[in-house]
Amino acid sequence: RPQSGDSRHSATRRAAGCTPRGMFALRSINNNYRDFAGTRSDFVIVGHPDFNNGKSGGGIYPPGWDTTPIKTMPRTSLVAHRMRQTGGHSAHIRRVACTEPKPKYKERVLARAASQPELLRRAPLQPPGEEAEFETFMATLTGPTLPPCSPHRVTSGYANHIKTQPVCRHYASIQEELMELRTRLRIAPEATKAELQSDDSWHYYASFLKKAKKNGASIRREHQKQLPGVQAATMPPRD
């Protein structure tokens with residue numbers, strides 16, 4: 001802000017072809033400020049050296065102007081901080097210039113595991129056997145309800161023809177085949193199980209049931225998450 005009323009300075013023209021930036025760019029829009037220059041509340045614009053002297057003479061403030069810069073936070077850099085944490089510029093140059101062969105990935109993992117014994121004591125996760133997977137598949141197939149294997153899509157509504165598209169027809173046919181297997185298991189369980197295990201076709205259907213259970217769990221979590229907001233918007237206010 002100016003601290004004195006002396007705001008009349010000699011005007012200079014902007015350099016031709018330069019992109020206007022700063023207060024002097026206001027002159028390229030209009031020059032409505034000249035009629036009442038310095039006599040209205042817009043003195044902060046018309047009294048500014050950038051507006052009066054243009055781009056070539058801007059940035060030079062006469063005596064009486066407060067040129068104190070605005071306080072800002074110091075600039076930070078993640079790369080610079082990481083370099084300081086790892087020893088600075090000299091240590092980085094030494095690491096880059098090092099020509100010694102580095103240990104292989106397996107050797108690095110074993111060295112890290114040796115330095116952390118708790119990782120060695122942790123029992124590794126064993127994948128379930130094929131027999132256990134088959135039993136899980138049969139338990140899901142013969143459960144109280146058969147989960148829908150189709151992804152969550154909106155298939156209803158005016159001008160919504162996605163139900164007739166190949167992707168929806170594919171999942172509908174898979175659902176029909178699972179329902180047929182469910183019926184056959186009630187009628188002849190042993191023969192149906194032997195047929196599924198003979199050609200390993202149960203792996204194909206088990207993959208769809210796994211995805212169906214995963215999608216169902218995701219939908220239930222989303223319902224639980226949105227339930228408080230829906231209840232607050234639909235329930236009458238309490239006294």
* To do: Walk me through it: do Arg186 and Thr142 pass the test side chain to side chain contact (heavy atoms under 4.5 Å, CB included)?
  => CA-CA 8 Å; Arg186 284 200 301 264; Thr142 59; over 6 Å; no
* To do: Dump the intermediate steps for side chain to side chain contact (heavy atoms under 4.5 Å, CB included) on Thr183 and Glu180, then the final yes or no.
  => CA-CA 5 Å; Thr183 304; Glu180 183 182 354; 5.7 Å; no
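If you take CD on Gln197 and CH2 on Trp202, they are separated by 8.0 Å, rounding to the nearest 0.5 Å. Here Leu209 contributes atom CG and Lys214 contributes atom NZ; the two are 15.0 Å apart, rounded to the nearest 0.5 Å. With rounding to the nearest 0.5 Å, the separation of CD in Gln175 from CZ in Arg182 is 10.0 Å. Between the CG atom of Leu181 and the CE atom of Met138 there is a distance of 8.5 Å, given to the nearest 0.5 Å. Distance CG/Leu185 to CD/Glu190: 9.5 Å, rounded to 0.5 Å. Ile174 CD1 to Tyr204 OH: the interatomic distance, rounded to the nearest 0.5 Å, is 3.0 Å.
Closest approach of Val154 and Ile162 over heavy atoms only: O-CG2, 3.6 Å. Closest approach of Glu107 and Pro103 over heavy atoms only: OE1-CB, 3.4 Å. When every heavy atom of Leu141 is checked against every heavy atom of Leu178, the shortest pair comes out as CD1-O, 3.8 Å. Annotation for Thr234 and Val230: closest pair OG1-O, 2.7 Å, computed over non-hydrogen atoms. Annotation for Lys163 and Arg169: closest pair O-CG, 4.3 Å, computed over non-hydrogen atoms. Of all heavy-atom pairs spanning Glu130 and Asp200, the tightest one is OE2-OD1, 4.2 Å.
Applying the side-chain contact (heavy atoms from CB on, under 4.5 Å) rule to Gln231 yields the partners Leu227, Met235; only residues at least two apart in sequence or on another chain are considered. Take Glu222 and apply the side chain to side chain donor-acceptor pair (under 3.5 Å) test, not counting sequence neighbours, and it matches Gln226. Residues meeting the side-chain contact (heavy atoms from CB on, under 4.5 Å) test with Ala217, sequence neighbours left out: Arg220, Arg221. With sequence neighbours excluded, the residues forming a side chain to side chain donor-acceptor pair (under 3.5 Å) with Thr86 are Arg95, listed by chain and number. With sequence neighbours left out, Arg108 forms a salt bridge (charged side-chain N to carboxylate O under 4.0 Å, His left out) with no residue at all. Partners of Tyr171 according to the side chain to side chain donor-acceptor pair (under 3.5 Å) rule, which considers only residues two or more places apart in sequence or in another chain, do not exist here.
Put simply, the side chain of Leu146 reaches to within 4.5 Å of the side chain of Met179, judged on heavy atoms. Side-chain contact between Phe137 and Lys210 is absent, with no heavy atoms from C-beta onward closer than 4.5 Å. Contact annotation: the side chain of Cys98 never approaches that of Arg94 to less than 4.5 Å [non-hydrogen atoms, C-beta and beyond].
A donor-acceptor contact shorter than 3.5 Å links the side chain of Ser198 to the backbone of Glu195.
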